[in-house]
Amino acid sequence: MLPEHAEQVLVIYRAGIEEGNATFETEIPLWEAFDAARLPGHRHVALGADGRVLGWAAVSSVSSRPAYAGVVEHSVYVHPDARGRGVAGALLAALIASTEQAGIWTIQSSVFPENTASLALHARAGFRVIGTRERVARHHGRWRDTVLIERRSPAVH
């Protein structure tokens, strides 16, 4: 993911926000804030034959404490027109490879239980459900649950 992808990445993020089951966020951030919040070695885009961004994946640190240096939270977003073509799976595989190469042992995320496609994708990639956080936060005026998922790397000890 490079600065020249910024506009398309944020368009895809906006689509996820507008669909209502991808994030608690309600507005897209400025690129500078988005960029600063994600680790530089683990940002991936999937490009179509025409060079258009089909989807993206990235990670953020979960803590600045050294004990958690190998634990990240991730996001995967795919343009609505590119869904069902294996884009998310390819992005997740690239993300797993880059994080393992860097010595990251846990990738985690919180997923709305209604986002069954995301939960199935992550299960196929070796993520497990840790539990459900009930009524964890309000989203558009209503309480929402999230499913906490994680993947522990078998390659990083």
Given Val71 and Trp105, is the side-chain contact (heavy atoms from CB on, under 4.5 Å) satisfied, shown in steps? CA-CA 6 Å; Val71 182; Trp105 57 83; 3.6 Å; yes

The test is side-chain contact (heavy atoms from CB on, under 4.5 Å); show your working for Tyr13 and Thr23 and say whether it passes. CA-CA 9 Å; Tyr13 194 30; Thr23 179; 4.0 Å; yes

Chi angles and distances behind the side-chain contact (heavy atoms from CB on, under 4.5 Å) call for Arg124, Leu92: CA-CA 10 Å; Arg124 288 190 304 271; Leu92 196 50; over 6 Å; no

Would Glu150 and Arg128 count as a side-chain contact (heavy atoms from CB on, under 4.5 Å) if you check the C-alpha gap in whole Å, the side-chain angles of each, and the deciding distance to 0.1 Å? CA-CA 6 Å; Glu150 75 171 16; Arg128 67 185 181 110; 2.9 Å; yes

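In this structure, a donor-acceptor pair under 3.5 Å is present between the side chains of Arg152 and Thr106.
When the shell of 6.0 Å around CZ of Arg52 is examined, it contains more than 12 heavy atoms from other residues, nucleotides or ligands. Residue-environment remark: CD (Glu7) stays at or below the threshold of 12 foreign heavy atoms within 6.0 Å.
The structure places CG of Asp145 at 7.5 Å from CD of Glu114, a figure rounded to the nearest 0.5 Å. Rounding to the nearest 0.5 Å places CG of Asp81 at 9.5 Å from CD1 of Ile12. Rounding to the nearest 0.5 Å places CG of Leu30 at 11.5 Å from CG of Asp35. Note that the CD1 atom of Ile107 and the CZ atom of Phe127 stand 4.5 Å from one another [nearest 0.5 Å].
Under the 4.5 Å side-chain criterion, counting only non-hydrogen atoms from C-beta, Met1 is not in contact with His44. Residues His42 and Leu95 are in side-chain contact: their nearest non-hydrogen atoms beyond the backbone lie under 4.5 Å apart. Contact annotation: the side chain of His5 approaches that of Leu47 to within less than 4.5 Å [non-hydrogen atoms, C-beta and beyond]. Side-chain atoms of Trp56 and Ser75, non-hydrogen and from C-beta on, do get closer than 4.5 Å to each other.
Side-chain N or O atoms of Asn21 include none that pairs as donor or acceptor with a backbone N or O of Asn115 at under 3.5 Å. Between the His74 side chain and the Gln108 main chain, a donor and an acceptor come within less than 3.5 Å of each other. In this structure, Arg43 contributes its side chain and Arg38 its backbone to a donor-acceptor pair below 3.5 Å. No donor-acceptor pair under 3.5 Å is formed between the side chain of Ser153 and the backbone N or O of Glu100. Of the possible donor and acceptor atoms, none in the side chain of Arg151 sits under 3.5 Å from a partner among the backbone N and O of His122. No donor-acceptor pair under 3.5 Å is formed between the side chain of Ser109 and the backbone N or O of Ile149.
Between Val45 and Leu91 the shortest heavy-atom distance is C-CD2, 3.7 Å. Taking both residues in full, the closest heavy atoms of Ile104 and Ala69 are given as CG1-O, 4.4 Å, listed atom of the first, atom of the second, then distance.
Linking ILVMFWY side-chain heavy atoms closer than 4.5 Å, directly or via other members, places Val53 and Tyr77 in a single hydrophobic cluster. Note on Ile96 and Leu119: same hydrophobic cluster, where clusters join Ile, Leu, Val, Met, Phe, Trp and Tyr whose side-chain heavy atoms are under 4.5 Å apart, directly or indirectly. Hydrophobic clustering of Ile, Leu, Val, Met, Phe, Trp and Tyr side chains at less than 4.5 Å, counting indirect connections, unites Val76 with Val72. Residues Val9 and Val78 do not share a hydrophobic cluster, defined by chaining ILVMFWY side chains whose heavy atoms lie under 4.5 Å apart.
The aromatic rings of His139 and Phe24 lie perpendicular to each other, with more than 60° between the two planes, well past the 30° mark.
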